There are 2 protein chains.
Amino acid sequence: MSEPDTDRPAAPDAATADRPVRTLADLARIAGVSTGTVSRALAGKSVVKGDTRKKIEALAQQHGFRLNQVASNLRRQRTGVIGIAIPLGHDRRQQVSDAFFMTLLGYLADALTEKGYDLMLRRVIPDRDEDWLDRFIGSGMVDGVLVIGQSDQFARIEEVAGRYRPMVVWGNHQEGQRHCVVGSDNRLGGKQAAERLIAQGARRLAFLGDPTATEFAARYTGAKSVADAHDVPMITLPTHLAPDRMAKEVASHMDQHAGAIDGIFAATDILAMVCLAELAGRQIAVPDDIRVVGFDDLPLAEQTAPPLTTVRQDIRAGAFGMVDLLLRRLAGEETESLVMQPELVVRQSA
Amino acid sequence: MSEPDTDRPAAPDAATADRPVRTLADLARIAGVSTGTVSRALAGKSVVKGDTRKKIEALAQQHGFRLNQVASNLRRQRTGVIGIAIPLGHDRRQQVSDAFFMTLLGYLADALTEKGYDLMLRRVIPDRDEDWLDRFIGSGMVDGVLVIGQSDQFARIEEVAGRYRPMVVWGNHQEGQRHCVVGSDNRLGGKQAAERLIAQGARRLAFLGDPTATEFAARYTGAKSVADAHDVPMITLPTHLAPDRMAKEVASHMDQHAGAIDGIFAATDILAMVCLAELAGRQIAVPDDIRVVGFDDLPLAEQTAPPLTTVRQDIRAGAFGMVDLLLRRLAGEETESLVMQPELVVRQSA
DNA sequence: ACAATTTATGCAATCGTTTGCAAAAGTCGA
DNA sequence: TCGACTTTTGCAAACGATTGCATAAATTGT
């Protein structure tokens with residue numbers, strides 16, 4: 001260290017070859033200034049003289065220097081990373097690969113990238129890990145958290161929301177809740193679905209999906225209220241979201257009930273698709289024998305046979321909304337929840 | 001600070017209420033030991049006396065203490081985070097939400113979580129940001145990198161692979177390449193698709209998809225070689241992957257060519273699905289008038305009408321393979337690429 | 001040419017953990 | 001009871017960047 005040019009075969013500017021320039025201190029030494037100056041120059045602060053800045057920038061470029069973000073994060077107490085938690089509670093086998101979550105995640109990635117944030121993804125299984133949310137928040141690795149889906153963790157999320165501000169959750173809004181949530185009015189969506197089914201002549205309804213998850217429960221309730229108002233019975237066909245189980249369970253439901261119902265409200269488009277395939281296999285005509293309405297309006301809803309009538313959630317708007325709210329909360333603002341109006345998209349399945 | 005019990009309304013153990021215990025030093029003070037000891041105790045190192053460890057653990061629990069991961073990362077020079085880069089090069093409008101990538105990402109999340117790693121997701125647009133890969137690697141925020149899709153960045157990835165070990169890429173394998181890649185034998189998959197189409201009687205083939213992306217090019221080449229061997233002509237119908245464009249482009253292709261072809265090899269299942277929907281709309285019978293083969297075998301391939309014959313990539317195995325290879329490279333091992341054999345799944349569309 | 005400013009830079013503390021080394025405390029046999 | 005060990009702990013130096021404060025340099029006015 002004390003004899004710079006002695007050990008190495010000593011090509012004049014050979015530093016480029018074997019990148020010893022990993023830290024601000026290295027760069028400072030080469031540039032003949034202090035680390036403070038280098039830091040300021042690279043940060044684009046105005047206090048550095050033009051010449052010096054240019055020289056430092058050139059050297060940084062030439063030696064391929066990059067700031068160590070971890071050190072920077074530690075010192076600045078901010079990371080530029082938003083945590084995304086996907087709790088897999090109500091259905092442990094549900095894959096992260098669930099189409100709706102993945103679509104939402106894609107848009108979140110777009111929105112956050114646009115604002116200069118990175119995403120840290122964490123898949124959590126709440127019943128194995130009581131402490132998941134606090135661990136994520138307390139790690140210091142994220143500036144804020146987006147939770148995708150309340151799963152069965154409503155209570156815990158509520159509790160944390162009382163003391164941690166920068167958190168926005170995708171899910172269902174309940175009267176008087178504390179945490180900031182973005183989502184569709186699932187109740188209303190459920191109503192729209194049931195109304196359509198009944199308007200199309202259905203008189204014996206079924207709800208296809210697991211009504212213990214908060215969001216699905218609201219969809220169910222909405223549909224049920226309409227069914228009740230029309231004196232139409234509605235049964236529940238509980239179904240897991242894990243792709244491997246789903247098909248079998250739907251098949252079994254159809255075995256038992258296909259003859260006794262003439263309208264199905266599926267809790268998600270994926271369920272509706274599986275259901276359509278199952279009905280087609282049994283030569284049951286859709287919508288003539290059984291009407292089917294889905295929920296989400298994923299891109300593939302347009303491509304089913306017959307094309308799926310479904311309740312549209314604007315996932316992109318939701319994702320951008322979540323990011324917007326989170327950034328405002330990070331800035332200290334108090335924000336309301338964002339409840340979006342779902343919209344019935346009529347195609348041919350009902 | 002010098003008079004612990006004076007200022008506050010002084011409930012004996014009131015520290016619990018207003019969490020002042022944020023750092024090891026805080027905890028050390030309360031426990032009456034040094035930070036070093038606390039650190040060791042919480043890390044589960046054997047050098048700490050049982051009693052002391054228990055006491056410290058109890059206090060940590062009681063005050064809801066959590067290690068600051070950022071500081072820990074800095075000191076240990078490892079973060080426990082794997083970076084996932086999704087380059088959107090050959091088709092800038094392609095959403096991160098592309099079904100195949102999302103499925104792969106889901107499995108990667110499963111595999112990495114299982115191994116105790118977090119995921120940091122970064123969506124990159126290479127032509128806007130020359131330096132994307134080096135920036136990601138050099139940030140110090142990730143221990144290794146998985147790249148999902150080579151896009152049109154083959155050269156850059158090759159270059160980086162020469163000096164950065166912990167990187168595994170999903171994509172196509174080319175003769176003599178340096179970077180460690182996991183993917184299917186796309187050429188073989190293409191052959192299988194074409195063979196099936198021809199065996200089912202197709203004599204005028206079309207390849208549906210954009211053959212400039214590396215992986216698709218290999219699928220095309222494989223199919224073409226079989227077509228040539230059978231003296232069967234094959235045209236190319238280039239199509240973007242952006243969901244909004246895709247449908248229109250496929251429709252326009254069908255307008256122009258539907259009458260002139262009797263077998264379609266779609267570069268992805270999604271394309272195949274859109275294609276099926278388009279053909280159904282035109283009353284063209286599948287597979288009688290036109291046979292269709294897809295690629296990927298996404299879960300929804302089973303649910304199309306008619307169910308899709310497709311070339312299966314075992315995405316789950318691929319994801320777990322990528323993670324396995326990456327961890328071995330992190331451990332210093334030298335690893336070969338993993339080229340998986342695709343498998344034709346015969347359903348009803350061809 | 002000199003004092004009064006305004007700019008640019010350097011110094012050193014700080015962010016919160018981890019860990020090598022040394023000192024303190026505990027254990028044991030004789 | 002004392003020396004020779006073995007466990008436990010404390011001390012303080014890293015990890016690499018940022019930033020308030022102080023000093024050095026450049027600029028300005030007179």
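Below, read A as the first sequence line, B as the second, and so on, with proteins coming before strands; counting in each chain starts at 1. It should be emphasised that the depicted structure is a prediction, and the values quoted were computed from it without experimental measurement.
Between D:dT9 and B:S34, no contact under 4.0 Å exists linking OP1 or OP2 to a side-chain N or O. For B:S39 and C:dT18, the shortest distance from a side-chain N or O to OP1 or OP2 is below 4.0 Å. When the side-chain nitrogen and oxygen atoms of A:T52 are compared with OP1 and OP2 of C:dT9, one or more of them lie within a distance under 4.0 Å. Distances shown here put a side-chain N or O of A:Q77 below 4.0 Å from the OP1 or OP2 atom of C:dG16.
Using a 4.0 Å cut-off between charged nitrogen and carboxylate oxygen, A:D134 and A:R163 count as a salt-bridge pair. Ion pairing between A:R178 and A:E159 fails under the 4.0 Å rule for side-chain N and carboxylate O. Salt bridge status for A:K55 with A:D51: absent, with no side-chain N to carboxylate O gap under 4.0 Å.
No donor-acceptor pair closer than 3.5 Å links the side chain of B:T35 to the backbone N or O of B:A25. No side-chain donor-acceptor contact under 3.5 Å links A:D143 to the backbone of A:I82.
In this structure, B:M322 CE and B:L112 CG are separated by 9.5 Å, a value rounded to the nearest 0.5 Å. For the atom pair CZ of B:R53 and CZ of B:R40, the computed distance is 12.0 Å after rounding to the nearest 0.5 Å.
A side chain to side chain donor-acceptor pair (under 3.5 Å) with B:T335 holds for exactly one of B:R328, B:R165, B:R329; it is B:R329.
Two residues, B:A71 and B:R53, neighbour DNA chain D, and the one matched to the more 5' nucleotide by heavy-atom proximity is B:R53. Projected onto DNA chain D by closest heavy-atom contact, A:S72 and B:V38 fall at different nucleotides, the more 5' of which corresponds to B:V38.
Between the CG atom of A:N73 and the C1' atom of C:dC15 there is a distance of 11 Å, rounded to whole Å. Computed from coordinates, the A:R22 CZ to D:dA17 C1' distance equals 15 Å when rounded to whole Å. Note: CG (A:L27) to P (C:dT9) measures 14 Å, nearest angstrom. Computed from coordinates, the B:R66 CZ to C:dT17 P distance equals 13 Å when rounded to whole Å. In this entry the distance linking CG of A:L42 with P of D:dT19 reads 13 Å, nearest Å. Rounding to whole angstrom units, CG of residue B:L67 and C1' of C:dC15 are separated by 14 Å. Computed from coordinates, the A:Q69 CD to C:dC15 C1' distance equals 15 Å when rounded to whole Å. Rounded to whole Å, the distance from CE on B:M141 to P on D:dA17 is 14 Å.
Checked against C:dT19, D:dT18, C:dT9, the side chain of B:R76 finds its nearest nucleotide in C:dT19. Taking the side chain of A:L24 as heavy atoms from C-beta on, and the options C:dT18, D:dT18, C:dA8, the nearest nucleotide is D:dT18. When each of C:dG10, D:dA17, C:dG16 is scored by its nearest atom to the side-chain atoms of A:L74, the top-ranked nucleotide is C:dG16. Comparing C:dG10, C:dA12, D:dA17 against the side chain of A:V33 picks out C:dG10 as the nearest. For A:R75, the side-chain atoms get nearest to D:dT18 when compared with the rest of C:dG16, D:dT18, C:dT9.
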Interface polar pairs with nucleotides 20-28 of chain C, N/O, under 3.5 angstrom:
from   : atom 1 : to    : atom 2 : distance (Å)
C:dG20 : O6     : B:R40 : NH1    : 3.3

